[in-house]
Amino acid sequence: MFQTSGSIVVGRNVIDQLIPRIKLLGEFRHAVIVTQPSIIKMGVIEQILGELKQAGISSRCITEVKPEPTVDNIRSVFSSISAEPVDLLIGIGGGSVLDAAKIFSVLLTNPVDVQSLIGTDLVSQSGIPMVLVPTTSGTGSEVTPNAIVSVPEEELKVGIISRHLLPKLVLIDPVLTISLPKSITAATGMDAFTHALESYISNKANPISDMFALESIRLIAESLVLAYHNGSDLEARGKMLLGSMYGGMALSAAGTAAVHALAYPLGGKFNISHGVANSMLLPHVMAFNQDAIADRLRNVAGAMGLHVGKMGRTESSDMVIKQIFEWTSEMCIPQNLREFGISEGDVDDLAIAASKVTRLLTNNPKPMDLASIKTVYRKLFP
């Protein structure tokens, strides 16, 4: 089954259409904007607050959502949001902000603790109407029924998956991404690529997910390094946003796999950003899977624009893995866990934590037992 957001508007400066588009959704009186300080510095939030006031909609701004938010952070920010009336949520920011806005939306109509929503299809009621505006090209959260939170006591990231997390309206505006730092462009871009690639090789891959995944791969391969080196390249930024969105649609239809399962403990225990963790693991997990997915990787190579000619399945899939290594090197993404204060002595605990993410491991095209997981982690200690 495939589901996505209600309406999606794409183009340069479509943020200027926010208020007219909101009016098409219904009558609202009290809006909350969930965003982050860096977006406020751009001036766009001040403009939106003024336009909401002119439209007769009272509004306030929340900026306390942390990167990679914890359950406690969600609880704390939600108590502030729910203290006053709210009938519309607007999330403007990166994946953490969008995920948090989605959770706040359903918490406002489901009187339960956020912890009880962790899992699949555990949200009973639709949330309040929500508008999402991504400012990074990474998670594709604006079009997925997923929201990720960290549970520090378990040293793990976990997902809330529900159709009720899908927003009513999405605005995709590359102008909002031109000020992204290089490091975030790289990490979020590789996160989007990981979504597309894992969806394409997952056990649940299907014609719908394949369509979105291959187009996502094509767009990101064309534009990621360009956007990294020249952040003001609006064409590259636009392709990255579309690639990220299509990657989100692909994972909605097919799901991710072992890369994400192994990335979650790196974020939950050592606070490595999700995009960086995925980037580090992606080539090694693909190499582990290679004999099971070589035919699929040959198709991926074609979508990436790699010239495989009459190469065999192994040689062409080798090219995909090599290209991933080259991207991470060119964009200065670490490939050594020691840079994050992690030692080989941590591998056993990381592997045990990753082995618990069965929802994603069972989607991997090749079974991974505890020993296999440890082997992949040890690849990150060159």
Side-chain angles (χ1 to χ4, degrees), residues 36 67-69 93-100 132 134-144 146-150 157 159 172 177 180-202 209 212-213 215-225 227-228 231 236-237 239-252 254-268 270-286 300 304 320 323-325 327-335 340 357 360 380:
Q36 53 206 88
E68 321 281 343
S96 294
V97 164
L98 303 189
D99 280 4
L132 297 183
T135 61
T136 64
S137 303
T139 66
S141 178
E142 68 275 7
V143 292
T144 75
N146 308 338
I148 305 300
V149 294
S150 293
K157 290 183 178 181
I172 303 290
T177 68
L180 275 180
K182 282 182 141 184
S183 60
I184 297 178
T185 297
T188 56
M190 286 302 299
D191 187 22
F193 184 82
T194 302
H195 293 158
L197 180 50
E198 281 213 287
S199 298
Y200 189 68
I201 57 91
S202 84
S209 64
F212 287 124
E215 181 63 3
S216 173
I217 288 166
R218 184 187 71 80
L219 288 166
I220 293 170
E222 282 183 4
S223 56
L224 175 54
V225 174
Y228 173 79
R237 290 295 195 184
K239 287 181 178 179
M240 283 304 302
L241 273 173
L242 282 177
S244 174
M245 183 181 73
Y246 290 148
M249 290 175 173
L251 76 86
S252 295
T256 54
V259 175
H260 277 67
L262 273 65
Y264 284 165
L266 293 177
F270 293 101
N271 297 313
I272 299 177
S273 77
H274 183 59
V276 169
N278 278 345
S279 301
M280 297 174 79
L281 289 160
L282 181 60
H284 299 292
V285 173
M286 290 304 113
V300 169
M304 292 170 70
V320 172
Q323 181 65 78
I324 294 169
F325 277 121
W327 280 344
T328 56
S329 176
E330 181 170 354
M331 296 187 293
C332 302
I333 298 174
Q335 278 294 318
F340 299 93
V357 192
L360 302 181
L380 297 177

task: Check for a donor-acceptor pair, side chain of S216 on one end and backbone N or O of F212 on the other, with a separation under 3.5 Å.
output: no
message: Return the CZ to OG distance between R237 and S223, rounded to the nearest 0.5 Å.
response: 10.0 Å
- prompt: Where is the tightest heavy-atom contact between S150 and K157, given as atom of each residue plus distance?
  reply: OG-CG, 3.5 Å
- prompt: Is it true that a side-chain atom of N278 and a backbone atom of D191 form a donor plus acceptor pair closer than 3.5 Å?
  reply: no
- prompt: I172 and L241: which non-hydrogen atoms are nearest, and at how many Å?
  reply: CG2-CB, 3.7 Å
- prompt: Are L380 and L281 close enough that some pair of their side-chain heavy atoms sits under 4.5 Å apart?
  reply: yes
- prompt: For I324 and P283, which heavy atoms make the closest approach, and how far apart are they?
  reply: CG2-CD, 3.7 Å
message: For T328 and M280: C-alpha separation, side-chain torsions, deciding distance, then whether side chain to side chain contact (heavy atoms under 4.5 Å, CB included) applies.
response: CA-CA 8 Å; T328 56; M280 297 174 79; over 6 Å; no
- prompt: Would a 4.5 Å heavy-atom cut-off, applied to side chains only, mark S141 and N146 as touching?
  reply: no
- prompt: Just by distance, do the side chain of S199 and the backbone of L251 share a donor-acceptor pair under 3.5 Å?
  reply: yes
task: Considering non-hydrogen atoms only, spot the tightest contact between G243 and L219 and give its length.
output: N-CD1, 3.9 Å
message: side chain to side chain contact (heavy atoms under 4.5 Å, CB included), that's the test. Do T135 and V97 meet it? Break it down for me.
response: CA-CA 10 Å; T135 61; V97 164; over 6 Å; no
message: Between L282 and F193, is there a side-chain heavy-atom distance shorter than 4.5 Å?
response: yes
field: Student check: side-chain heavy atoms of T194 and T256 closer than 4.5 Å
entry: no
message: Treating S329 as the side-chain partner and F325 as the backbone partner, does any N or O pair qualify as donor plus acceptor under 3.5 Å?
response: no
message: Counting C-beta onward and ignoring hydrogens, is there a side-chain heavy-atom pair between K182 and M331 closer than 4.5 Å?
response: no
query: Are H195 and Y246 an aromatic pair by the rule of ring centers under 6.0 Å?
result: no
field: Nearest heavy atoms of V259 and M286, plus distance in Å
entry: CG2-CE, 4.1 Å
- prompt: Does M240 offer a backbone N or O that forms a donor-acceptor pair with the side chain of S244 under 3.5 Å?
  reply: no
field: Over all atoms of both residues, closest heavy-atom pair of S252 and V143
entry: OG-O, 3.6 Å
message: For the backbone of A254 and the side chain of S202, can you confirm whether one donor and one acceptor N or O come within less than 3.5 Å of each other?
response: yes
- prompt: Hey, are the side chains of Y228 and C332 touching, using non-hydrogen atoms and a 4.5 Å cut-off?
  reply: yes
- request: Could you walk me through whether L266 and F340 pass the side chain to side chain contact (heavy atoms under 4.5 Å, CB included) test, one step at a time?
  value: CA-CA 10 Å; L266 293 177; F340 299 93; over 6 Å; no
query: Taking C-beta and beyond as the side chain, do P69 and D99 meet within less than 4.5 Å on heavy atoms?
result: no
message: Let's go through K239 and L242 carefully: what are the C-alpha distance in whole Å and the side-chain angles of both, what is the deciding distance for side chain to side chain contact (heavy atoms under 4.5 Å, CB included) to 0.1 Å, and is it a yes or a no?
response: CA-CA 5 Å; K239 287 181 178 179; L242 282 177; 5.7 Å; no
message: Donor-acceptor pair, distance only, cut-off 3.5 Å: does the side chain of E68 make one with the backbone of H274?
response: yes
- prompt: Can you find a pair of side-chain heavy atoms, one from V320 and one from Q323, that are under 4.5 Å apart?
  reply: no
